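Data first, discussion second: the structure below is written as structure tokens.
None of these values were measured; they are calculated from a predicted model. Read the numbers this way: they start at 1 and go in the same order the structure lists the ligands and their atoms. No hydrogens, no waters, no symmetry mates; every other heavy atom, side chains included, goes into these values.
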Amino acid sequence: MNGNNTVREFPHSPLTYLLKPGELILKKGNREAFERALKRNLVRLLGDSGRAETSPGRYYVHCGAETAPAVEDALNHLIGISGWARTRICPKTAGAVMAACAAEGRELFERGIRTFKIEARRTDKSFPLDSYRICAEGGNAVLAETPGLAVDVKNPGAVIEVEIRENAYVYSLAKRGRRGLPVGTSGRGLLLLSGGIDSPVAGYMMAFRGMGIDAVYFHAYPYTSEDARRKVVRLAEIVGRYAMGIRLYTAGFTCIQQRIRERAPLPWTTVLLRMAMMEYAERLAGKTGARCLVTGESLSQVASQTIENIHCIQGRTRLPVLRPLIGMDKEEIVKTASAIGTYETSILPYQDCCVLFSPPHPVLRGDPGEARKLYEALDLGALMEEALKEGTMEKCGFPF
Ligand code: ATP
Ligand code: MG
């Protein structure tokens, strides 16, 4: 804590960002653990680009101008904050705060903004002006400095925010944070990650709820190319940046796919392949410590995703299978994929194994009992062991 009139000096850190933590504010019981996770994630995402500092209710990042783009990129990837802004820091005197408001207003005008309002929050009640007066006097200071600006409390072009805490902070044009819960506060899940549009979004959505993510990709070389695998690695890197890194396991499924083609009735191949994926994933989860499986399934989007077939597929695992996209339509999923930056990679043309093996007339309403019998007849035990033994792992998107 600083004394009332001292400015905190950061000799090589001319820029400061203020961060508002998100939902964790509400979670009273877990608050400390959440704050610790958020701080840890922030520090890891920043790497050498900036220095993080915490104070009750706020986080700050100090950096030099040259690393500001890297800091902003980190803040754009940080799950668990409701907003952030570059801020001015000034001593807690009325004069200094008014001067900062005036300077902020001038900068807004130079950026083409013509109307504003001031919002003030006074955590330090020893500050001589209350919130109402900070707004009134701050507004006057802005108007005196920049007569071209006008106050508009209903629909302002920008809000100048003043916070009186351990220092005074003045900022505007705060960016919306990514929200969600800090990654690492909701256990671990194993994502079944294909090269498609859906599963990367599913992984992101669970990371958004605080879950750490491992991923498994089922590769069927040479039916699926090395390019297809690289695409999945790229997707894991993109999602990994939000999820604080993803361990991506690649499982060679060629022999298992061939066995299915040889022994199963053609209409059942897709459902049986999904069942094999579930079995593999459950066994892998046992090793990685994941407590659930995550898929990109969306109800009735394709034949294998009818509720009956989902029932058949679910039968291969006792772990909870989380399907965050189950109630979403494709348009919403595509929107999220675009927003998180996976869409462009997902639509690259490399075929995924399931497309290659998809039968012309798949079962639409598989019976779970029949599915189990057909699956057991495949006698995958030895092939499964072999695939588990041969699997590889690489780290994708780990920050720093
Ligand atoms: P996606 O866009 O995620 O590929 P999809 O709409 O193509 O999904 P399916 O191909 O039926 O749907 O796959 C359903 C889910 O099964 C996927 O979202 C993913 O979680 C998992 N999955 C499918 N293929 C693979 C694979 N080759 N490796 C890992 N997981 C897979
Ligand atoms: Mg797919």
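Looking at L192 against ligand 1, both its backbone and its side chain come within 4.0 Å, counting heavy atoms. Contacts between L191 and ligand 1, counted as non-hydrogen atom pairs separated by less than 4.0 Å, are absent for every part of the residue. Only the backbone of L193 comes within 4.0 Å of ligand 1, counting heavy atoms alone; no side-chain atom from C-beta on gets that close.
Not one N or O of V302 is nearer than 3.5 Å to an N or O of ligand 1, by distance alone. Residue-to-ligand polar distances place Q301 within reach of ligand 1: an N/O pair is separated by less than 3.5 Å. At a 3.5 angstrom cut-off on N or O pairs, I197 counts as close to ligand 1. For a threshold of 3.5 Å applied to N or O pairs, the pair formed by V216 and ligand 1 contains no separation below that value.
Taking 4.0 Å as the cut-off between side-chain N and carboxylate O, R31 and E35 count as a salt-bridged pair. Contact check on R114 versus D152 returns no salt bridge, with no Lys/Arg side-chain nitrogen under 4.0 Å from an Asp/Glu carboxylate oxygen.
Between atom SG of residue C255 and atom CD of residue E390 there is a gap of 9.5 Å, rounded to the nearest 0.5 Å.
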### Message
Before you tell me yes or no, could you show the steps for Y375 and E370 under side-chain hydrogen bond (donor to acceptor under 3.5 Å, both in side chains), namely the whole-Å CA-CA distance, both residues' side-chain angles and the distance that decides it to 0.1 Å?
### Response
CA-CA 8 Å; Y375 188 84; E370 191 179 353; over 6 Å; no
### Message
Using the rule given for salt bridge (charged side-chain N to carboxylate O under 4.0 Å, His left out), can you reason through D124 versus K92, listing the C-alpha separation, both sets of side-chain angles and the distance that settles it, and then say yes or no?
### Response
CA-CA 9 Å; D124 176 0; K92 287 191 279 190; 2.8 Å; yes
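Remark: aromatic rings of Y249 and Y217 are distant, center separation not under 6.0 Å.
Side chains of Q305 and S300: no donor on one and acceptor on the other come within 3.5 Å.
Ligand-side atoms of ligand 1 in range of G196: 1 (P), 2 (O), 4 (O), range being under 4.0 angstrom from any heavy atom. Ligand-side atoms of ligand 1 in range of T295: 20 (O), range being under 4.0 angstrom from any heavy atom. Atoms of ligand 1 found under 4.0 Å from any heavy atom of G296, numbered from 1 in the order shown, are 17 (C), 18 (O), 20 (O).
Hydrophobic cluster membership differs between Y223 and Y221, with clusters built from Ile, Leu, Val, Met, Phe, Trp and Tyr side chains linked at under 4.5 angstrom.
Nearest-heavy-atom check against atom 11 (O) of ligand 1 across K330, E297, R274 picks out R274.
Taking a 4.0 Å cut-off on heavy atoms, H219 fails to register as neighbouring ligand 1.
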